[in-house]
Structure formats: structure tokens, C-alpha cells
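Structure record follows, encoded as C-alpha cells.
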Amino acid sequence: MLARWLPAAINTRPAEWSRAAIGMALGTLFSVWVCAQVFGMEVALHLIGPLGASAVLLFAVSSGALAQPWSIIGSYLCAGVVALLVARVLGRTLGSACLAAGMTVILICWLRCLHPPAGGLAMSLVLADPASIAIGWHELGAVMLGAAALLACALAYNNATRTRYPKGASEPAAPNFMPTAIENPGISAEDLKQALAEREQFLDVTPQELEELIQASERYARRRTIGAVFQR
């Protein structure tokens, strides 16, 4: 039971940590700077928390579904609209901020743009600073400008450092012809761990989770095959 609380091993090298850290710092700096040029530094600094959290995903876990372009653009748009509407109708209180965050989560799940920093963004927009409140609905422009600048930086930096972004559709693997005796070897968590280590990228999944997914897929495949046999 205590072992479950221990952190899982990270299948990446220090070079990848440094790459992600530099990208996160540069991306956050660039997005805040761009936003400050248009809306002022006070408004831009009020968004630095959500932008920094998004930068961690876009640069450190860029292969994950939560870090894809639609995830950040769609979630920031949803959070901005919901937060400004809630603030206008219910006022700028802690309760309305939490309500805005909850509504944002429902909306981004429905629109398939789940992005955790959007919840914090919604709260920040409801409990905004005086400078942000003063610009009214133009605050949505500041949000989207910051998100677009961060995404542009992620696209440039990740691909320049040989990290494919955004994540594309996986190409089908070439058939691997092997002797009949070892045609379908069993895949273990250790095999998956070694395969993850070869990629040298942060992946938001553990070998145990992959093993469970493969086993579940095999069960469904067997059921489908048996069902097809009985239908003949």
C-alpha cells in the first residue's frame, strides 16, 4: 500500500528535462510579453499562472492529448467566456469563481479540449485584478492572445528541438515477420517500460496502465473473434 505513494520512475534523460525547462521558461516569457504589449503588464501578469501551467504541458508533455493545439485554444476560450459571464451575472466572489471553474470543466470535456490550467484560468478571471476588470470583455482578447503566443512558441521550439508537435496520427507499424514459435510473445510491464525509455520523452502514462490497456484490448479482441465465429 505504501509503495503506491512512491513516485514512478521517469523514463527520460536529463537532456529532455533541460529541453522542456528552457522551452517552458521561454514560452511563458514570450506569451506574457506579447500580451503586455497590447493590454499592459498588469493584465499580462495576472495571466502568468495559467500560462505557466499550460507551458509545462506544451513543452514537457507535448505528446499528451491535454497539450494539443485544440486543447489550449478551445479550453482558454471556454474558460474566458464562462468566467466573464459568471462574473457579470453573479459577481466576483470565491463561490462564483469555483462555479465558473466547474462549468468550464464540463464544457471543455464536452468539446474535447480538456486542459487542466483552464480551471485555474476561470478562477483567475473571476477574481481578477482592477486592471483586468477595467478592460471588461477585452480581457478575453488578452486571454486568447496569450494562448496563441504560447502555442506559437511551442510549435516553433518543440519542432526545432526535434520533438514532433502537434501530435499526429500514428502511422501503422510495418508487419514484423517472426518465427511461428515466438509470433505472439507476451508483453509485460517491463517490456513496456523499456519501450517507453527508448522514446526519451515525457509520456503521461505508466507501464502498468499500458499493460492493463493491452490486456483489456486482447479480451475484447477475443470476444469479437468468438462472436464472429458464432455468427457464421
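These numbers come from a predicted model, not from an experiment.
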Non-hydrogen side-chain atoms of Leu47 and Leu125 separated by less than 4.5 Å: yes
Backbone N/O of Ile135 and side chain of Glu139: donor-acceptor pair under 3.5 Å: no
Gly27 backbone acceptor or donor facing Ser31 side chain under 3.5 Å: yes
Among Thr104, Val143, Val81, side chain to side chain contact (heavy atoms under 4.5 Å, CB included) partner for Tyr76: Val143
The single option from Ile108, Leu85, Val82 passing side chain to side chain contact (heavy atoms under 4.5 Å, CB included) against Met103: Val82
Approximate separation, where rounding is to 0.5 Å, of Cys78 SG and Ile106 CD1: 12.0 Å
Where Ser71 and Leu66 come nearest, the two heavy atoms and their spacing: CB-O, 3.5 Å
Distance-only side-chain donor-acceptor flag, Ser124 / His46, under 3.5 Å: no
Heavy-atom side-chain proximity of Leu155 to Pro166 below 4.5 angstrom: yes
Same cluster (ILVMFWY, side-chain, under 4.5 Å), Leu107 and Leu77: no
Test log, rule side-chain contact (heavy atoms from CB on, under 4.5 Å), inputs Leu84 and Leu140: CA-CA 8 Å; Leu84 293 176; Leu140 182 60; 4.0 Å; yes
Backbone of Gly91 reached by a side-chain donor or acceptor of Ser96 within 3.5 Å: yes
Heavy-atom neighbours of Glu42 CD exceed 12 at 6.0 Å: no
Parallel, tilted or perpendicular: rings of Tyr157 and Phe59 (30°, 60°): perpendicular
Donor-acceptor under 3.5 Å (Ser132 side chain, Ala128 main chain): no
Side-chain ion pair, Glu16 and Arg19, N-O less than 4.0 Å: yes
Joint cluster assignment, Met144 & Trp137, ILVMFWY side-chain distance < 4.5 Å: yes
Taking every non-hydrogen atom, the tightest pair across Val126 and Arg92: O-NH1, 2.9 Å
Minimal non-hydrogen separation, Leu90 against Leu99, with atom names: CD1-CD2, 3.5 Å
Closest contact, heavy atoms only, Gly119 versus Ala101: O-CB, 3.7 Å
Heavy-atom donor-acceptor pair, Trp70 side chain to Leu111 backbone, under 3.5 Å: yes
Closest heavy-atom pair and its distance - Ile48, Thr28: CG1-CG2, 4.0 Å
Minimum heavy-atom distance between Asn158 and Leu58, given as atom pair plus value: ND2-O, 2.9 Å
